[in-house]
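Here the structure comes first, spelled out in structure tokens, and everything after it is commentary.
Order of listing sets the numbers, starting from 1, for every ligand and every atom in it. Residue indices begin at 1 and follow the sequence shown.
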Amino acid sequence: MAGPETHGTSLTPSPATGMTSGRLDDTIAAIATPPGSGAIGIVRVAGPRAFEVAAAVFRPAGGRRVRDLPGGRVTFGRVVDPDGEGARAAPAFVDEGVLLTFRAPRSYTGQDAVELQVHGGPAVLRAVLDACLRRGARAAEPGEFTLRAVASGRLDLAQAEAVLAMVEARSDAARRQASVGLSGALSEAIDAAQRELTSAYAAVLASLDYPEEGVPEARVEAPVADARARLERLLATASAGRFAARGARMAIVGRPNAGKSSLLNALLGYPRAIVADAPGTTRDYLEAPLELGRVSVTAVDTAGLRATADAVEAHGVARARELAAAADVVLALVDGTRPLEPEDLDLVAALERERTVWVASKADRPRVWDEAELGVTVRPVSSATGRGLDALRRELEARLEGDAAGEEAWVTSERQADALREAVEALARVPGAPADLQGLDLETALRALARITGRGDVAEDALAEVFARFCVGK
Ligand code: GDP
């Protein structure tokens, strides 16, 4: 990827992203805090003229000069509109606030940068931004600050995606996952594979130049097999990664009064669902956010399975099947204290084995039926005493995490998963192939990996794909 010395180069990923102007020597500005009113609002300015812009719009208290401020400094003062008409023909006073200064390369973008923290009203922020724009900054494109962080080598593309995931994280699980990405764990795994493949590629190229020497197997097939295994392990985390990034759905199914709402409450640790003795308390269905390991789950509790006076029992099963189809994992309850009914057996037949965890509920009381009668292995759980609850939680976590359990870095974006898949497929063709084809496949794999981190190859399309989703100010 380009280093800081590429200031002045044009980075123009794609017109499709809306990022038309990507010149790194422009100074860019944007409101970095969300729309609406808040205690504090921030206008961010980055680029070679950041301090010039700040000098025009900010007057430090105590008469210091903005241009002389070092990086890493917080300075109180007044924000002014240099073109506005204040009292006695002075620049118009806009707001009081603080100026945060960053000197290249020690800033988010790697460039000189300032942040103006003022009162968080939309009109105030607009006025501060306008003043900056009139004094030499231009309005930043979505994601442009982070794009610069990538361009300056402060972040790689996978980390930039993690920044986006961090901003979008709505659950603690998603946030933690994003922080792993930001730490560079995924990038390190990719880098390691890239190093192995690069040396294999070099060996193949050398053998093409000196065919009489042949391709030494130890220098190609062994590292390729190693890199492939590594990448396959990463790829196996993609499904859990998807759950971590976007959340998973868990359907809770079972006959009325089986204890679904009680179990949901027990898993949540607080009463979210209404529990009552009368069947049918859960009217249609109810959703609640639940954290299971590194995955955030939306639990869907349903009483739609209730066979009302004139509804046929099959209706409940059909509905359970429908809900289960839309779920990533199914928690199926059978009341341990009541005899099995045809509906329970129909559920067993209807639900997919791999995605379903079976629970015998109300395990604080004696169970009146046998597992063999039901035909599936059940976990005894009591919402009343908490018996079996931890084991159930672990089982659900294991189902959701699958092969990703125990791996530190998870693949969290489709973009990364696609690139990995392409690399793995190309590497699968390498063993035993003639050297020229090996060279082509290694090149394909290396290019695919470069798309993930943006390192090792010009990856303009990858840049465009990632930054198309950012907001202004990030
Ligand atoms: P749902 O209709 O499947 O959502 O079932 P509920 O959670 O509303 O529970 C139905 C009834 O079973 C209520 O009277 C609960 O108090 C009772 N119940 C639920 N879980 C347990 C449990 O673990 N032990 C005992 N003894 N009773 C339970």
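- By the 6.0 Å and 45° rule, R294 stacks over the aromatic ring of W410.
- In this structure, D172 places its CG atom where more than 12 heavy-atom neighbours from other residues, nucleotides or ligands lie under 6.0 Å away.
- In this structure, Q159 and R154 have side chains that are not in contact, with every pair of non-hydrogen atoms separated by 4.5 Å or more.
- Counting atoms of ligand 1 from 1 in the listed order, those under 4.0 Å from a heavy atom of G259 are 1 (P), 3 (O), 5 (O), 6 (P), 7 (O), 9 (O), 19 (C).
- Within ligand 1, the atoms closer than 4.0 Å to a non-hydrogen atom of A384 are 22 (C), 23 (O), 24 (N), numbered from 1 in the order shown.
- Contact atoms of ligand 1 toward D364: 22 (C), 23 (O), 24 (N), 25 (C), 26 (N) (distance under 4.0 Å to a heavy atom of the residue).
- Looking only at side-chain heavy atoms (C-beta outward), V114 and L100 stay at 4.5 Å or farther from each other.
- Of all atoms in ligand 1, numbered sequentially from 1 with element shown, those under 4.0 Å from a heavy atom of S261 are 1 (P), 4 (O), 7 (O).
- Using a 4.0 Å cutoff on heavy atoms, A258 counts as a contact of ligand 1.
- Residue D301 has no nitrogen or oxygen atom sitting less than 3.5 Å from a nitrogen or oxygen atom of ligand 1, judged on distance alone.
- Residues E161 and S413 bring a donor and an acceptor atom of their side chains to less than 3.5 Å of each other.
- Cation-pi contact between R249 and F243: absent, since separation from the ring centre below 6.0 Å together with deviation from the ring axis within 45° is not met.
- Using a 4.0 Å cutoff on heavy atoms, S382 counts as a contact of ligand 1.
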